[in-house]
Amino acid sequence: MSKARGGPRRVLAVWCPDWSPDAPVAGPEARAFEQVVSAVAEFCPRVEVVRPGICAIGAEGPARYFGGEEALVRKITDTVNALGVVCRAGVADGLFAAQLAARFPAWAAPSGAGPRAGPSGAGPSGAGPSGVVVTPGRTAAFLAPYPVSVLDVPGLADLLPRLGIWTLGDFARLPAADAANRFGMPGVRAHRLARGLDPRPLAPRQPSADLSVHVDFDPPADQAEPVVFAAKALAERMQAGLAARGLACVRVQVQAACEDGRDITRLWRHDGLLSALAVAERVRWQLDSWRTGQDARRSGPGQDARRSGPGPSGPGTSDPGEAGLAGGIIRLRLIPDQLVRDEGRQLGLWGDAVISDRVARAATRVQAMLGHEAVMQPVLAGGRDPAEQVTLVPFGDSRAPFRPAGRPWPGRIPAPAPATVYPVPLAARVTDDSGDAVAVTGRAVVSAPPARLSAAGGPWLTVTAWAGPWPVTERWWAAASARRRARFQLVTGDGNAWLAAVQDGQWLIEASYD
Amino acid sequence: MGAGIVQLMSLSARQGGDGPPPRGRVPSASEMLHGGCVIPGVGLPSGDEALCGADVLPVLPALRGLLPDGLPRGSVVAAADPGLLCLVLAAGASTAGSWCAIAGLPDLGVVAAADAGLDPGRLLLVADPGEGWPQVVASLLDGCELVILRPPTRPSAQVRRRLEAVTRRHGGVLVVAGDWDGAQCRVIVARQEWAGIGAGHGRLRARLVQVVTDGRGAAGRPRARWLWLPGPDGTVAVVAAGIGGGLEAGGLGVGGLEVGALDDGRDGDTGEVIAPWRGMSAG
């Protein structure tokens with residue numbers, strides 16, 4: 001141990017901006033991140049996946065081996081960049097500061113003179129544009145200029161600025177006892193982070209008993225589904241074992257042993273917050289990503305190395321439940337890592353939607369029948385058309401929409417919202433009185449008033465009222481999602497109302513107001 | 001529950017009429033219960049809370065004219081089409097804290113559901129329940145108090161009876177977007193007209209609908225109400241007297257629908273509907 005006792009370890013965090021923190025944390029994302037993790041694992045076997053997009057390793061050992069932290073940062077970023085993935089790395093005392101160094105080096109260098117020029121010369125010693133290395137012991141000074149919102153503690157992010165505390169430095173100057181008095185346990189953790197310490201002191205004693213739990217599969221499980229199912233019960237057992245000793249774990253190591261002697265081992269951030277369901281979900285990601293990694297390797301190196309994107313169209317998103325696992329799993333083991341004292345978590349008196357066991361059981365049973373993505377929970381999101389305003393999240397996953405709701409969307413379809421939104425717009429034909437197709441010019445002028453409508457080859461309906469065209473040109477800067485449409489609202493003789501659009505001369509029915 | 005109130009009042013009225021009232025004190029509720037004045041199991045209703053009682057799910061206030069007893073637990077409600085009406089039926093229960101599941105509606109407008117009053121945080125969506133959909137719906141009924149279902153295939157009588165039994169056992173409510181032969185209650189939109197949009201100007205702002213309910217047992221009497229679904233402010237509301245009549249006089253052009261003297265809440269409670277279902281299917 002080269003560092004003083006109790007201080008945080010040197011941590012190197014790798015951040016890939018392609019994986020947005022707001023993006024849905026679903027299977028394909030995590031699977032695609034697997035190649036980055038594998039690349040980093042070449043330098044240090046114990047890679048911790050904080051979430052898809054960020055992983056971390058302990059920097060001390062590898063840095064000694066590769067000739068210094070700057071060299072290590074360069075080597076890792078070069079390796080990941082060679083995969084075609086953009087990344088940045090940061091080294092600091094503790095995971096929190098390392099993540100910030102990787103993600104927001106600009107705060108430390110407000111003058112724009114590059115990461116080498118730290119605030120008052122105290123902070124980072126540079127390692128080029130690919131990463132920032134914070135001098136050991138200067139982590140608190142490095143953190144000081146960051147705004148308190150980076151703490152990611154929802155209650156504090158808006159409360160502290162109202163109390164006149166804008167930066168981590170201001171917050172760290174508060175006496176620790178006062179922070180504990182005023183903000184409770186989350187405040188203590190945030191205060192420790194702001195001072196450049198680990199959020200919770202490590203429980204120094206070694207666990208007297210082996211707290212890992214495992215389950216054997218005989219015959220070997222060649223499908224992911226039974227393994228994931230067993231993982232949930234296993235995670236419950238692990239949690240119960242920890243809780244009986246008043247402990248929680250910071251990370252959980254998931255180890256799956258294959259029939260042919262190989263081990264699939266991965267560390268996942270836990271912080272005592274993951275439910276048994278969430279641990280099972282990580283087991284699923286791990287198995288899925290391992291299998292897609294295998295497929296990619298079999299189909300040729302480098303071919304599938306680039307991230308295939310989170311959309312349902314990517315090649316890496318084939319249904320995880322269907323294909324078998326090459327080499328059956330014979331044993332699944334969960335090992336709690338970095339034990340800390342469990343301080344419990346206070347649920348809010350109001351507002352926290354607690355999912356009752358009964359609902360969770362029903363949803364899990366349906367997921368076991370139809371697959372994980374068959375049971376969705378909607379989250380309202382931002383967007384102009386009705387389909388964009390909803391993000392569907394598989395039950396049990398985390399729930400942040402890609403485009404948060406509650407922001408202004410000029411040109412959005414006004415209320416009331418349509419009750420039926422077609423996932424794929426229906427092709428339609430709209431004609432005027434003389435039977436000619438109605439067209440819209442580039443300057444949004446209608447050729448003739450719409451008189452008749454036929455949706456998806458259906459019968460012709462008389463248009464009794466209409467409004468439009470409302471032109472919208474969206475995301476012209478991104479070729480994949482760029483869109484230019486003119487929208488109409490049409491009311492037909494049967495009393496129904498439709499949301500229609502013209503795109504490239506083709507009429508589409510986007511929704512029905514029924 | 002409303003029946004309970006009526007019963008209590010009529011009983012006490014009869015007591016007052018038949019003999020001298022007990023002097024000096026009014027019998028307490030428990031005395032009345034033990035004295036046989038109140039039928040056990042009916043319970044003692046107290047205003048609106050009665051609607052959130054143990055054996056009904058509440059409905060939105062605007063629907064109380066159509067479903068005065070709320071949605072009785074263990075019942076099946078058939079709404080002819082998937083649409084806003086199904087969502088509005090579920091909104092009252094969701095607002096009161098129930099979990100809802102929606103199965104077989106991949107094209108559901110979730111924003112409309114949220115606007116209608118369904119809490120997205122207590123909503124499960126199973127877009128494609130697949131071949132074994134009865135099993136899926138039975139599982140959902142175990143966890144959620146209200147399930148909206150559009151059957152992917154026409155259910156056999158056996159499947160229907162099984163799901164009805166599951167609904168009764170779990171005390172849930174099954175809202176079917178489609179036909180369901182044994183439904184306790186049927187709800188349809190008989191007529192509708194959009195407001196706020198003209199020939200090339202304006203936009204959709206509100207919709208006037210005439211909703212008709214019909215059913216078996218306690219819900220047996222056909223009722224019809226004019227509702228804003230949704231109203232200009234996005235909520236569901238009862239149309240003030242007069243507006244619906246104007247529409248009726250103006251003619252909505254809903255062909256084939258023969259509606260007789262309806263109980264539409266304006267001219268007393270008596271009324272008769274001449275086969276609106278047959279009219280709809282013919283038209």
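Just so we're on the same page: letters track the sequence lines, and every chain starts at 1.
- The contact between B:Arg205 and chain A is made entirely by backbone atoms, counting heavy-atom distances below 4.5 Å.
- Of all residues spanning residues 459-467 of chain A, those with a heavy atom less than 4.5 Å away from chain B's heavy atoms are A:Ala465, A:Trp466, A:Ala467, arranged by number.
- The part of B:Leu141 that comes within reach of chain A is its backbone (N, CA, C, O), which places non-hydrogen atoms under 4.5 angstrom from that chain.
- B:Arg169 and B:Glu164 are not joined by a salt bridge, as no carboxylate oxygen comes within less than 4.0 angstrom of a charged side-chain nitrogen.
- B:Val236 has its side chain out of reach of B:Trp228: every pair of non-hydrogen atoms, C-beta onward, lies at least 4.5 Å apart.
- Between atom CG of residue B:Leu108 and atom CZ of residue B:Arg150 there is a gap of 9.5 Å, rounded to the nearest 0.5 Å.
- Here A:Arg412 does not pair with A:Asp385 in a salt bridge; the nearest charged N to carboxylate O distance is not below 4.0 Å.
- Side-chain contact annotation: A:Asp494 with A:Thr492, donor-acceptor N/O pair under 3.5 Å present.
- Of the charged side-chain nitrogens involved, at least one lies within less than 4.0 Å of a carboxylate oxygen, so that B:Glu145 and B:Arg73 count as a salt-bridged pair.
- Your options are B:Val126, B:Leu229, B:Val209, B:Leu204, and the one with the most heavy-atom pairs under 4.5 Å with chain A is B:Leu204.
- Taken from CH2 in B:Trp226 to CD in B:Gln192, the straight-line distance is 10.0 Å, to the nearest 0.5 Å.
- Salt-bridge formation is not detected for the pair A:Glu388/A:Arg384: no Lys NZ or Arg NE/NH1/NH2 atom is positioned less than 4.0 Å from an Asp or Glu carboxylate oxygen.
- Heavy atoms from other residues, nucleotides or ligands lying under 6.0 Å from CZ of B:Arg203 number more than 12.
- Heavy-atom distances place the side chain of B:Ala114, and not its backbone, under 4.5 Å from chain A.
- Interface remark: of the candidates A:Pro449, A:Ala387, A:Gly468, A:Pro414, A:Pro414 forms the most heavy-atom pairs closer than 4.5 Å to chain B.
- Highest contact tally toward chain A, considering only B:Ile197, B:Leu105, B:Ile102, B:Val110, is held by B:Ile197 [criterion: heavy-atom pairs under 4.5 Å].
- When the candidates B:Ser139, B:Gly83, B:Ala101 are compared by the number of heavy-atom contacts under 4.5 Å with chain A, B:Ser139 comes out ahead.
- Among A:Ala363, A:Ala511, A:Ala419, A:Ala362, the residue making the largest number of heavy-atom pairs under 4.5 Å with chain B is A:Ala419.
- Comment: B:Arg186 engages B:Asp214 in a salt bridge, judged by a side-chain N to carboxylate O separation of less than 4.0 angstrom.
- In this structure, the portion of B:Asp115 lying under 4.5 Å from any heavy atom of chain A is its side chain and not its backbone.
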